[in-house]
There are 2 protein chains.
Amino acid sequence: MNGKPVFFSNCADCSCKSSIFKSLTAEELELINKGRFHVAYKAGEIMFKQGTPSSHFICVTSGLAKIYIEGYGKNLILALIKPVDYIFGPGVYIDNKHYYSASAVEDSTACLVDTIIFKKLVRSNADFAEDFIKRLSNQTLFNFEQVISLTQKQMHGRIADALFYLSEKIYCANPFNMTISRQDLADISGMSKESAIRILKEFKEEGILSVDGNLFDILNIKQLKQISETG
Amino acid sequence: MNGKPVFFSNCADCSCKSSIFKSLTAEELELINKGRFHVAYKAGEIMFKQGTPSSHFICVTSGLAKIYIEGYGKNLILALIKPVDYIFGPGVYIDNKHYYSASAVEDSTACLVDTIIFKKLVRSNADFAEDFIKRLSNQTLFNFEQVISLTQKQMHGRIADALFYLSEKIYCANPFNMTISRQDLADISGMSKESAIRILKEFKEEGILSVDGNLFDILNIKQLKQISETG
DNA sequence: TATAATCATTGACATATATCAATGAAGTGT
DNA sequence: ACACTTCATTGATATATGTCAATGATTATA
């Protein structure tokens with residue numbers, strides 16, 4: 001546990017402030033700033049655990065985190081959270097429980113803000129509330145894509161989707177440095193680790209993908225898109 | 001098409017008003033009442049289609065509707081919508097597009113309200129906004145349950161979950177009258193129609209379920225719960 | 001450096017599940 | 001009452017995918 005709080009300047013000056021805060025006034029930002037903690041996590045450390053009370057909203061300021069549901073014997077990764085994005089589970093507005101777990105995939109830092117403050121701002125600032133609802137809506141759309149991929153595509157299509165997710169949404173690069181494990185890849189794609197590895201191997205053999213250590217390179221984007229489409 | 005509008009008294013007096021409206025003032029209700037349409041759908045009729053512009057929020061006042069994503073060759077039913085519940089897709093706050101389709105499963109009636117009015121109320125009434133966020137959160141939790149059931153349980157567990165969903169959440173009865181087709185049951189459970197039928201047959205043979213015409217009766221709730229748990 | 005521990009890879013095998021095809025049942029319109 | 005369409009059921013078969021077990025590779029630790 002390397003969880004000692006590190007205090008940065010303040011939210012108003014923060015260069016890695018989540019875009020959700022753009023509709024806040026200086027006073028509102030200061031409100032957030034006052035009740036906020038900055039914490040460092042080592043890779044692998046759990047940020048919070050499914051089933052525990054959820055008291056804070058977490059903004060990832062560096063590194064990479066995963067949020068995942070601990071299901072029946074295996075995990076389903078709902079999303080990877082990169083800087084500067086935040087984690088705000090659906091339980092906050094229901095029963096203040098976490099409905100998924102979160103952990104650091106890479107060494108990470110994060111700001112924690114009390115959800116009471118967040119909810120207060122939602123009530124008092126309509127722009128903020130609307131931005132928040134937009135964000136919730138986007139998450140829902142993402143969930144829809146994921147559930148369709150997981151339930152209606154075969155493994156090749158699901159791995160293709162996962163690779164595009166990593167390349168386009170998370171690492172934002174094409175030869176990209178894979179910082180998640182094969183197990184994580186499998187947990188994103190809803191299959192066993194062995195199956196995920198096998199698909200990667202096939203992609204390599206077909207010249208669609210090259211893997212050099214942790215460096216992944218999608219060589220034939222068009223063909224991989226095709227595989228994603230045809231399931 | 002039996003889509004002729006039927007005008008009821010008004011929202012303030014409406015006995016089948018969705019609970020989301022409870023935080024609205026009389027004037028706000030009147031605002032909704034003014035721009036509202038009451039429509040009747042026959043079973044099977046489409047209310048709106050995935051990909052089309054979404055302009056109205058739909059409150060189901062009688063009958064039963066389904067919302068479903070048209071995926072790769074087959075549909076996934078996200079939820080059944082019974083009175084008095086409403087349909088408000090995530091696209092409304094993103095790009096005003098429908099990200100799923102909706103259709104009437106039984107003969108149904110519904111009230112349509114312009115989403116512009118709805119969004120205006122979200123901005124002006126904090127209680128209403130908070131109720132709406134709660135509702136979105138509940139939907140997300142439901143999505144989580146569904147995706148875990150669909151991706152981590154085998155067919156028996158998924159059918160068990162679907163049967164409990166129908167009995168406990170939709171029909172709210174135990175011997176219940178099944179108004180959805182086997183194909184719909186399969187589309188809820190993420191499997192082929194034939195597989196769904198086979199599982200039902202097995203449940204019948206094991207005395208867990210009785211099916212008499214459209215009357216379904218879960219005879220051994222405990223065992224079915226067990227099947228749901230063990231996947 | 002040695003040792004343990006985790007992670008990645010591969011093969012063999014069992015099985016859950018979809019697909020295809022045929023048939024029966026039930027409702028619908030003429 | 002009739003043909004006709006949709007829906008439900010069943011069986012046979014192919015295959016996608018998970019599980020188990022073994023091994024290699026890499027990293028952490030003493």
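A, B, ... follow the sequence lines: proteins, then strands. Residue 1 opens every chain.
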**Q** Check the distance between D:dT19's C1' and A:Met191's CE and give it to me in whole angstrom.
**A**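 One finds 15 Å between C1' of D:dT19 and CE of A:Met191, rounded.
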**Q** Can you say whether a donor on the side chain of A:Arg182 sits under 3.5 Å from an acceptor on the base of C:dT6, or the other way round?
**A**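 Not at all, since no donor on one side and acceptor on the other fall under 3.5 Å apart.
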**Q** What nucleotide among D:dC20, C:dC20, C:dA8 has an atom nearest to a side-chain atom of A:Glu194?
**A**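 Of all the options, the side chain of A:Glu194 is nearest to D:dC20.
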**Q** A:Ile159 CD1 to C:dA8 P: how many Å, rounded?
**A**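 The distance from CD1 of A:Ile159 to P of C:dA8 comes to 13 Å, rounded to the nearest Å.
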**Q** Please state whether the base of D:dG11 and the side chain of B:Arg198 form at least one donor-acceptor pair under 3.5 Å?
**A**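 Side chain to base: pair found, below 3.5 Å.
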**Q** Work out how much the helix from C:dT1-D:dA30 to C:dT30-D:dA1 bends between its end axes, five pairs an end, to the nearest 10 degrees.
**A**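 Its terminal axes enclose an angle near 50°.
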**Q** Compute whether any side-chain donor of one residue and acceptor of the other, for A:Thr140 and A:Ser137, lie under 3.5 angstrom apart.
**A**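 No, no side-chain donor-acceptor contact under 3.5 Å.
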**Q** So among A:Asn75, A:Leu76, A:Ile87, which one has a side chain to side chain contact (heavy atoms under 4.5 Å, CB included) with A:Tyr100?
**A**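 The residue from A:Asn75, A:Leu76, A:Ile87 that satisfies side chain to side chain contact (heavy atoms under 4.5 Å, CB included) with A:Tyr100 turns out to be A:Ile87.
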**Q** Please report, rounded to the nearest Å, how far the C1' atom of D:dA16 is from the CD atom of A:Gln152.
**A**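 Between C1' of D:dA16 and CD of A:Gln152: 16 Å.
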**Q** Given C:dT19, C:dT17, D:dA8, which nucleotide is nearest the side-chain atoms of B:Lys193?
**A**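 Nucleotide nearest to B:Lys193's side chain: D:dA8.
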**Q** For residues B:Phe144 and A:Tyr99, establish whether the separation of their ring centroids is below 6.0 Å.
**A**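 For B:Phe144 and A:Tyr99, the ring centres are not under 6.0 Å apart.
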**Q** Please tell me if A:Ser195 has a side-chain N or O lying less than 4.0 Å from either OP1 or OP2 of D:dG18.
**A**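 Yes, because at least one side-chain N or O of A:Ser195 sits under 4.0 Å from OP1 or OP2 of D:dG18.
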**Q** Using a distance-only test with no angle check, is there a side-chain donor-acceptor pair under 3.5 angstrom linking B:Asp187 and B:Gln183?
**A**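 Yes.
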**Q** Below 4.5 Å, heavy atoms only, C-beta onward: do A:Tyr41 and A:Ser103 meet side chain to side chain?
**A**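 Heavy-atom side-chain distance check fails, nothing below 4.5 Å.
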**Q** Please determine which of A:Tyr68, A:Phe57, A:Phe48 meets the ring pair (Phe, Tyr, Trp, His ring centres under 6.0 Å) test together with A:His98.
**A**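 Among the candidates, only A:Phe48 passes.
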**Q** Does a donor on one side chain and an acceptor on the other come within less than 3.5 Å for B:Thr179 and B:Tyr171?
**A**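 Their side chains do contain a donor-acceptor pair, which is all the 3.5 Å distance test asks for.
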**Q** Answer whether the closest heavy-atom distance between the side chains of A:Thr115 and A:Tyr93 falls below 4.5 Å.
**A**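 No, too far: nothing below the 4.5 Å cut-off.
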**Q** State whether B:Lys201 places a side-chain N or O below 4.0 Å from either non-bridging phosphate oxygen (OP1 or OP2) of D:dG11.
**A**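 Yes, B:Lys201 has a side-chain N/O under 4.0 Å of OP1/OP2 on D:dG11.
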**Q** Side chain of B:Met155: nearest nucleotide among C:dA18, C:dT10, D:dA8?
**A**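 The answer is C:dA18, which lies nearest to the side chain.
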**Q** Side chains of B:Ser108 and B:Ser62: is there a donor and an acceptor less than 3.5 Å apart?
**A**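 The answer is no; no qualifying pair exists.
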**Q** Distance check needed: C:dT6 P versus A:Lys42 NZ, whole Å only.
**A**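 Distance, rounded to whole Å: 16 Å.
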**Q** Between N or O atoms, less than 3.5 Å apart, protein on one side and nucleotides 22-29 of chain D on the other: list the pairs.
**A**
none

**Q** Using a heavy-atom cut-off of 4.0 Å across all strands, would you classify B:Ser181 as base, sugar-phosphate, or nothing?
**A**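 Here B:Ser181 touches the backbone only, sparing every base.
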**Q** Once hydrogens and angles are ignored, does a donor-acceptor distance under 3.5 Å link the base of D:dC7 to the side chain of B:Gln183?
**A**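 Side chain to base: no pair below 3.5 Å.
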**Q** Let me know the distance between CD1 of B:Ile197 and P of D:dT6, rounded to the nearest Å.
**A**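 That distance rounds to 17 Å.
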